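Heads up, the thing below is written out as structure tokens.
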Amino acid sequence: MKQITSILLLLFTSLTIAQTGSVVGVLTDKDFNNEPLPFANVIIKGTSKGTTSDIDGLYELADMEPGAYTIQFSYVGYETLEFDVTVEGGKVTTLNVPMGASAAALEQVVITTTRKRESEVALLIEQKKATTIIQSIGAQELARKGVDNAAEAVAQISGISQQQGSSDVFVRGLGDRYQNTTMNGLSLPSNDVNKKNINLDLFPSEIIESVGVSKAYNSYFFGDFSAGNVNIVSKEYSGPGYFNVSINSGFNSQAIGEDFVRSEGPSLFGFYNRYDNDPFAVVLSHGVDPQDAETNVPFAGAIEGGYSFNIDDEQRLSFFGTAVFSNSFEYLNGPAVDFTNDVKVRFPVAEWYDYDTNTALMGSILYNNKAGHKLKFTSLFSNTSSDEVSYYGIGGNGFNRDGFSNNGDGGFYQMNVQFNQEMIFVNQINGTHKFGDTVDENGEKKWLLDWGFGFNKVFSDEPDRKRITLEDYQFTLDSDPNTNPIFYDNIAFDNQRYFQSIEDDELNSYFNLNYKVNDNINITMGYNGRTKERRFNNWRYGYEILDKLNNPVTDVNNFDPFFSAVNIDIPEGRGQWNLNVARQPLGLDATLGLVNRPQPYENTYTGNLDIHAGLLTADIQVGDLLIVPGIRIENWEQTIVYDVINPVPTDTGFREAKENLFFPSLNLKYAVNEDMNLRIAASQTASFPEFKEVANFVYEGVTQRVGGNPDLLGKADGTGVSYSEIFNADFKYEWFPSRSELIAFGVFYKSIQDPVNRVVATDATGNQRFFRTGDEATVFGAEIEFRKNIIVDEDDDPLVSIGGNFAYNNTNQDLKAVQTSDGFTFGTSFGNRTESELQGASEFIANADVNYSPTFGDYKPKFTTTFSYFSDRIFALGSGDLGNIVEKAVPQLNFVWRNAFGDHFEANLSVGNILNPNVTLIREGAGTNNPLLTPFDLVNANGDVTLFEWKRGVNFGLSLKYKL
């Protein structure tokens, strides 16, 4: 209505001038819901007369003499259009122009006008014109493929795969420690003690405008860059007001028929309200049994809206907000085995009931003006939870080598009730400012300041994990009331309550000042800063069963009466159990012992990271060759202070590393023609250890234990290697046959000095720790990517299209022993092996999709089928002569049917994980003829031991969306 009113006003004004005429209209973005296109150029061809569209996309060419004219419309990154019009005296000619993305215009060196990054076409243009190697996926493609979050989004990009059952993402065969994650160019924190990067599934597709992966280094990135940088661009809005509501439900084929249980304490929405209470009080006040779940049918709902208004003709203020909640139910069933050089724990049958939630709130305020100043404030809150109740050994055939029962092999059994919650607060403000004299006919100014500042806060908690352990569980399955299981307590902590808390604070910033010397040279100098602190604590309380033989378990589904506080052994000799702690309580007499009293903590550490960097880079256009040299000087300092139980006597509980590092880079892009690019990149980067890798703390799962190694920051005496040096080289060919098509081929090489790998110990603990396992690792590979339209309509929009990307990775590293006699805290060796593939590397990765988008009047459905695959990859290196732990190959097939009815209503059907493959973790060549494994089909023909194996089920979903 506002646009119509403006055009009518222009029409009335022009009618008062009889001897001249006018051309008026609205410019819109046809690739993005026909939103107004502000600040586009409108020129009368052959003259110097012209104008630009205003914030609402409106333009006017006034006081034109009657006659024939050619009007030219142009906008950076869009196709340039020309129209012939005839102007009549005293009349207004209306010419409304929808503009789409262009695959040409290579003469621009730096694009300072930002396109909307939701459109597939827009992102393809950005990839084509980018000064470095980058690949992106936008909201439009996410919706078409039924992608729910950022983790699934990046897995659609060539050379990238996602680990089944987690949000772990592997880029070019390199895992978490070799990647970085940013949002709007600012660093994001980790929300998980076991990871360097934030879980990408924290970011639902509703808050994502696009996700880009930069695989080639340039000076804008922190020097801790190996496999790539994942950047999430949050949604912003600048059009007229709108409001969307959507709901989604469905079922998982394996979960739908199960009676679900979940932890007692957390809410249905994934929040926990007992953090203010001391863990000791929680143990005494609340039981260990899980509670029945209200349902096992998932639900998701989202609301989204935006509104913009003009402050005046030069300024616009825009608001965007979204709120999302989703949950999911998953039932898994299969074996679980702990195997080092022999069977430690064996559960031929285990089952997992997993209930996950994700709540996200995001809001942004965008200020934009015609003079070239833009400010964006973004605030994100995300809460994710994982609530898992698992039962190990339900078939009665569980085994523990340390069992004491004389009945058969012990019927070893464990119940594990575990809730994990991650809350993250991200607050960012970004700005761009153009100023100075103009340097070309499009009004581009000489100076551009681009900056951002962010504060992140993370709470990652595991409150009140309950683990109950039994022997003789097989007696539960018989019909004899006189035979029952008994509690297993080889040590008091075999039956336990565990609490863990992580708190992160982080400040980060960037400031980049670009000077455009002329159309061919841009120079940028800048600063990056990052300061981060992590505080970690855990508490553990173990139930010491005082008379287990005379306290049989008559009901394995009702432990609460036994573990009620009334049964604690106070006064001594009157109870059935004691509550043990691992550390002497503060302020109490040491002679009182470690029983029935609170403790300050069991393990604790504090880690600090400080990075300050200056950068200098340039974009130099020489004919068709773009040269981008860059240098970055970075001051890096990392410290960690820890206090853990059972420390190594020589460990000081402190590590510190300080380095001043120099990171050069060179990116070249040669435009073969308007549709083809050749790219070459080379750089020197580094890989720094993470807090969880260096903190001497072991996290104990049911069948796996993972601990840090302080030697990654150097030896206790201050000597040794503290980071890995990396050399990177890339070559890529790109061909853009049309504005929505791509064919690309690339090869790459990396050399990593002093690489870090996760290694499984051969000792009785079987702990997994991180070691610098050799002098050098090399990675080389090739990637192919294509997007092709098979059938197009009269507007050249695809009716049938296919896309795919395929990657081959070859990794190799030398192996060497690490000896404690050389001053290291922990040691490991690899027997007769002298080389290995790199941990986390898949040799083959593939993603493909087929899209069919017909039109039947107002009905415009979209059918999309996607396929992904990664080959076997090492989960952890085996030490000694033992084989590696390997994650087996997994294919995945998904289908999405999107149905838009008119302009307001949408109904979509999705089917995920159609093939429902096995997800399997094995220990290579270690179990041949093992009598504890072979009767249960836990060893394959190659002698590989199955550690985990399950199917995730097929997910069916139906979503409804209404737009106002």
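In what follows, every heavy atom counts, from backbone to side chain, and hydrogens, waters and symmetry copies are set aside. Predicted model only: the values in this text are computed from it and were never measured. Residue numbers count from 1 along this sequence.
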*asked:* Are there over 12 heavy-atom neighbours, none belonging to Asn929, within less than 6.0 Å of that residue's CG?
replied: no

*Kindly state whether the ring of Tyr353 and the ring of Tyr331 have centres lying under 6.0 angstrom apart.*
yes

*asked:* Please find the pair of heavy atoms, one from Ser460 and one from Glu422, that lie closest to each other, and give the distance.
replied: OG-CG, 3.5 Å

_With a 3.5 Å distance limit and no angle check, can you tell me whether Arg923 reaches the backbone of Phe339 through a side-chain donor-acceptor pair?_
yes

*Between Ser871 and Glu843, is a side chain to side chain donor-acceptor pair (under 3.5 Å) present by the stated rule, with each step listed?*
CA-CA 6 Å; Ser871 60; Glu843 188 173 15; 5.4 Å; no

*What's the shortest heavy-atom distance between Phe830 and Ser879, and which atoms?*
CD2-CA, 4.2 Å

_One thing to verify: whether Arg274 and Asp278 come together as a salt bridge, which I'm taking to mean a side-chain N less than 4.0 angstrom from a carboxylate O._
no

*Would you check if there is a donor-acceptor pair between the side chains of Thr483 and Asp478 at a distance under 3.5 Å?*
yes

*Could you give the distance from OG1 (Thr946) to CG (Leu921), rounded to the nearest 0.5 Å?*
9.5 Å

*Would Asp402 and Asn490 satisfy side chain to side chain donor-acceptor pair (under 3.5 Å), going step by step from the backbone distance to the final call?*
CA-CA 7 Å; Asp402 298 321; Asn490 187 40; 4.6 Å; no

*asked:* According to side chain to side chain donor-acceptor pair (under 3.5 Å), who are the partners of Ser263, at least two apart in sequence or on a separate chain?
replied: Asp387

*Assign the ring pair Tyr541 / Phe499 to parallel, tilted or perpendicular, where the plane angle (0 to 90°) is split at 30° and 60°.*
perpendicular

*Give the minimum heavy-atom separation between Thr604 and Asn537, together with the two atoms involved.*
OG1-OD1, 2.8 Å

*Show the numbers, then the answer: is there a side chain to side chain contact (heavy atoms under 4.5 Å, CB included) between Leu546 and Asn578?*
CA-CA 7 Å; Leu546 297 179; Asn578 282 315; 3.6 Å; yes

*Would Phe260 and Tyr355 count as a close aromatic pair, with their ring centres under 6.0 Å?*
no

*Can Lys344 and Asp342 be counted as an ion pair, charged N to O under 4.0 angstrom?*
no

_Residue of the set Arg467, Arg497, Gln576 for which side chain to side chain donor-acceptor pair (under 3.5 Å) holds with Tyr543_ = Arg497

*Could you state the interatomic distance from CD (Glu462) to CD (Gln421), rounded to the nearest 0.5 Å?*
12.0 Å

*Please lay out, stage by stage, how Asp356 and Ser386 fare under the test side chain to side chain donor-acceptor pair (under 3.5 Å).*
CA-CA 5 Å; Asp356 296 335; Ser386 175; 3.2 Å; yes

*Quick one: ring pair (Phe, Tyr, Trp, His ring centres under 6.0 Å) partners of Phe826, sequence neighbours excluded?*
none

_With Asn757 via side chain to side chain donor-acceptor pair (under 3.5 Å) - residues at least two apart_ = Thr773, Gln813

*How long is the gap from CD1 on Ile885 to CG on Asp944, to the nearest 0.5 Å?*
12.0 Å

*Any chance the rings of Tyr473 and Tyr413 have centres within less than 6.0 Å?*
yes

*Parallel, tilted or perpendicular: ring planes of Trp577 versus Phe563, cut at 30 and 60 degrees*: tilted

*Write down the atom of Asp872, the atom of Ala889, and the distance for their closest heavy-atom approach.*
OD1-N, 2.7 Å

*asked:* How close do Asn884 and Gly878 get, counting heavy atoms only, and between which atoms?
replied: OD1-N, 3.0 Å

*How far apart are the C-alpha atoms of Gln599 and Phe280, what are their side-chain angles, what is the distance that settles it, and do they pass the side chain to side chain contact (heavy atoms under 4.5 Å, CB included) test?*
CA-CA 8 Å; Gln599 61 180 334; Phe280 184 74; over 6 Å; no

*Cation over ring face, Arg705 and Tyr699, 6.0 Å, 45°*: no

*If you take all heavy atoms of Ile502 and Asp461, which pair is closest and at what distance?*
N-OD1, 4.2 Å

*Under the side chain to side chain contact (heavy atoms under 4.5 Å, CB included) criterion, do Leu470 and Val553 qualify, and how do the steps go?*
CA-CA 8 Å; Leu470 307 178; Val553 180; 3.8 Å; yes

*Quick one: do Arg772 and Asp711 make a salt bridge, cutoff under 4.0 Å?*
no

*Can you tell me how far the CG atom of Leu938 sits from the CD1 atom of Ile922, to the nearest 0.5 Å?*
12.5 Å

*asked:* Whether the Asn696 and Asp651 side chains hold a donor-acceptor pair (N or O, under 3.5 Å, no angle test) is what I'd like checked.
replied: yes

*asked:* Within a 6.0 Å radius of atom CD on Glu837, are there more than 12 heavy atoms belonging to other residues, nucleotides or ligands?
replied: no

*Should we count CG of Asp937 as having more than 12 external heavy atoms under 6.0 Å?*
no

*asked:* Please check this pair: side chain of Arg769 against backbone of Ala761, looking for a donor-acceptor N/O pair closer than 3.5 Å.
replied: no

_Checking side-chain polar atoms at under 3.5 Å, does Asp489 have a donor or acceptor matched by the opposite partner on Asn495?_
no

*Side-chain donor-acceptor pair under 3.5 Å between Lys951 and Asn918, yes or no?*
yes

*Which word best sums up how the rings of Phe697 and Phe536 line up, parallel for under 30°, tilted for 30 to 60°, or perpendicular for over 60°?*
tilted

*OG1 of Thr834 to NZ of Lys816: how many Å apart, nearest 0.5 Å?*
14.0 Å

_For the residue pair Thr811 / Arg873, report whether a side-chain donor-acceptor contact shorter than 3.5 Å exists._
no

*Cut-off 3.5 Å, side chains only: do Thr469 and Asp494 have a donor facing an acceptor?*
no

_Closer than 4.0 angstrom, basic N to acidic O: yes or no for Arg583 and Glu602?_
no

_Axial cation check for Tyr605 ring with Arg534, 6.0 Å and 45° limits_ = no

*Phe347 and Tyr392 aromatic ring geometry - parallel, tilted or perpendicular at 30°/60° bounds*: tilted

_From Gln839 atom CD to Leu877 atom CG, the distance as rounded to the nearest 0.5 Å_ = 6.5 Å

*Looking only at side chains, do Asn955 and Asn913 share a donor and an acceptor under 3.5 Å apart?*
no

*Apply side chain to side chain donor-acceptor pair (under 3.5 Å) to the pair Gln500 and Tyr498, showing each step before the final yes or no.*
CA-CA 7 Å; Gln500 177 176 292; Tyr498 176 90; 2.6 Å; yes

*When you check the side-chain N and O atoms of Gln418 and Asn420, is any donor under 3.5 Å from an acceptor?*
yes

_Would you say that Asn397 contacts Val349 through its side chain, given a criterion of any heavy-atom pair below 4.5 Å between the two side chains?_
no

_Is there a salt bridge (Lys or Arg N to Asp or Glu O under 4.0 Å) between Arg465 and Glu700? Walk through the geometry before answering._
CA-CA 11 Å; Arg465 182 185 72 197; Glu700 297 185 2; 6.0 Å; no

